[in-house]
Amino acid sequence: MNTINIYNKKGFFAVLLLAVLALTLIFIASARNGEQSAADSGRFTGVASDLLEKADIKSDSQSITKFVRKCAHFAEYFALCLFLSLAVYFAKGSIKLTFLSTVVCFAAAIIDEFLIQGNTAGRSPEWF
């Protein structure tokens, strides 16, 4: 079953387009300078701080900021990997081949951290 029927073909192109969009958004966000990135995170950090305060949970702003930024990073790459996995599945109908999406996401993360963030003012590449 190496051929893609018309329904799988539409699904393939739809999720591939979503994967390209996700990767584009990741790279655009990474190309924003440190000040812009901090402002973006600050919006969500404020909401998280308010929620923690209402729940009577004590936390410092630095920890909240780090948590928010890591959650955003995780969500971006989760979406990318999901869309790539679905594209591979629609194209080949094999769950085993979806491992390729993980390899592509890892390569994208390295490019993101070291080529984009490493060359953006106020940003620095980090492994953690």
Side-chain angles (χ1 to χ4, degrees):
M1 191 183 274
N2 288 337
T3 60
I4 301 176
N5 69 34
I6 188 69
Y7 300 107
N8 283 354
K9 197 172 197 178
K10 286 180 181 179
F12 168 76
F13 285 114
V15 293
L16 186 62
L17 179 63
L18 288 171
V20 169
L21 179 63
L23 186 59
T24 301
L25 292 174
I26 288 169
F27 286 168
I28 288 171
S30 291
R32 294 174 58 81
N33 68 38
E35 198 172 287
Q36 293 167 325
S37 178
D40 292 342
S41 298
R43 291 183 199 102
F44 294 99
T45 300
V47 171
S49 294
D50 291 345
L51 290 173
L52 289 172
E53 188 176 310
K54 287 179 183 178
D56 201 28
I57 298 172
K58 305 246 187 270
S59 185
D60 63 292
S61 63
Q62 186 177 6
S63 296
I64 295 170
T65 299
K66 187 171 187 168
F67 179 75
V68 165
R69 292 176 73 89
K70 295 304 170 189
C71 284
H73 212 65
F74 178 81
E76 292 169 338
Y77 278 97
F78 175 79
L80 176 61
C81 193
L82 175 67
F83 296 142
L84 285 175
S85 294
L86 286 171
V88 170
Y89 181 75
F90 278 126
K92 294 294 182 183
S94 170
I95 292 177
K96 291 178 184 177
L97 285 176
T98 59
F99 174 74
L100 291 174
S101 62
T102 305
V103 173
V104 171
C105 287
F106 186 72
I110 290 172
I111 291 167
D112 177 35
E113 288 292 325
F114 294 97
L115 294 181
I116 297 174
Q117 288 185 33
N119 293 305
T120 301
R123 305 288 295 268
S124 61
E126 296 178 1
W127 279 103
F128 54 93

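Residue numbers count from 1 along this sequence. Source: prediction; values computed, not measured.
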Measure the spacing between [atom1] of [X] and [atom2] of [Y] and express it to the nearest 0.5 Å.
{"X": "Glu76", "Y": "Ser30", "atom1": "CD", "atom2": "OG", "value": "6.5 Å"}
{"X": "Leu84", "Y": "Leu80", "atom1": "CG", "atom2": "CG", "value": "4.5 Å"}
{"X": "Leu100", "Y": "Cys105", "atom1": "CG", "atom2": "SG", "value": "11.0 Å"}
{"X": "Arg123", "Y": "Asp112", "atom1": "CZ", "atom2": "CG", "value": "8.0 Å"}
{"X": "Leu115", "Y": "Asn119", "atom1": "CG", "atom2": "CG", "value": "7.0 Å"}
{"X": "Ile64", "Y": "Ser41", "atom1": "CD1", "atom2": "OG", "value": "12.5 Å"}

Under the side chain to side chain donor-acceptor pair (under 3.5 Å) rule, collect the residues that match up with Tyr89, sequence neighbours excluded.
-> none
Under the salt bridge (charged side-chain N to carboxylate O under 4.0 Å, His left out) rule, what pairs show up with a residue in residues 17-30, not counting sequence neighbours?
->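 Applying salt bridge (charged side-chain N to carboxylate O under 4.0 Å, His left out) to every pair that reaches into residues 17-30, excluding sequence neighbours, yields nothing.
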Kindly state each residue pair satisfying ring pair (Phe, Tyr, Trp, His ring centres under 6.0 Å) with at least one member in residues 26-73, sequence neighbours excluded.
->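 Qualifying pairs: His73-Tyr77.
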Candidate list Leu17, Leu23, Leu18, Leu21, test side-chain contact (heavy atoms from CB on, under 4.5 Å), partner Phe83, passing option = Leu18
ILVMFWY cluster, Leu16 and Leu82 together (side-chain gap under 4.5 Å) = yes
Hydrophobic cluster identity match, Phe90 and Phe99, side-chain contacts under 4.5 Å | no
Over all atoms of both residues, closest heavy-atom pair of Ile116 and Ala31 = CG2-N, 3.7 Å
Could you please spell out the steps behind the side-chain contact (heavy atoms from CB on, under 4.5 Å) verdict for Phe106 and Thr102?
-> CA-CA 6 Å; Phe106 186 72; Thr102 305; 5.7 Å; no
Ser37 versus Arg32, side-chain donor and acceptor atoms under 3.5 Å = no
Look at the side chain of Gln117 and the backbone N and O of Phe114, then say whether any donor-acceptor pair between them is shorter than 3.5 Å.
->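 Side chain of Gln117 to backbone of Phe114, a donor-acceptor pair under 3.5 Å: no, none is there.
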Verify, without hydrogens or angle tests, whether Ser63 (side chain) and Ser59 (backbone) share a donor-acceptor contact under 3.5 angstrom.
->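 The answer is no, because no donor-acceptor pair under 3.5 Å joins these two groups.
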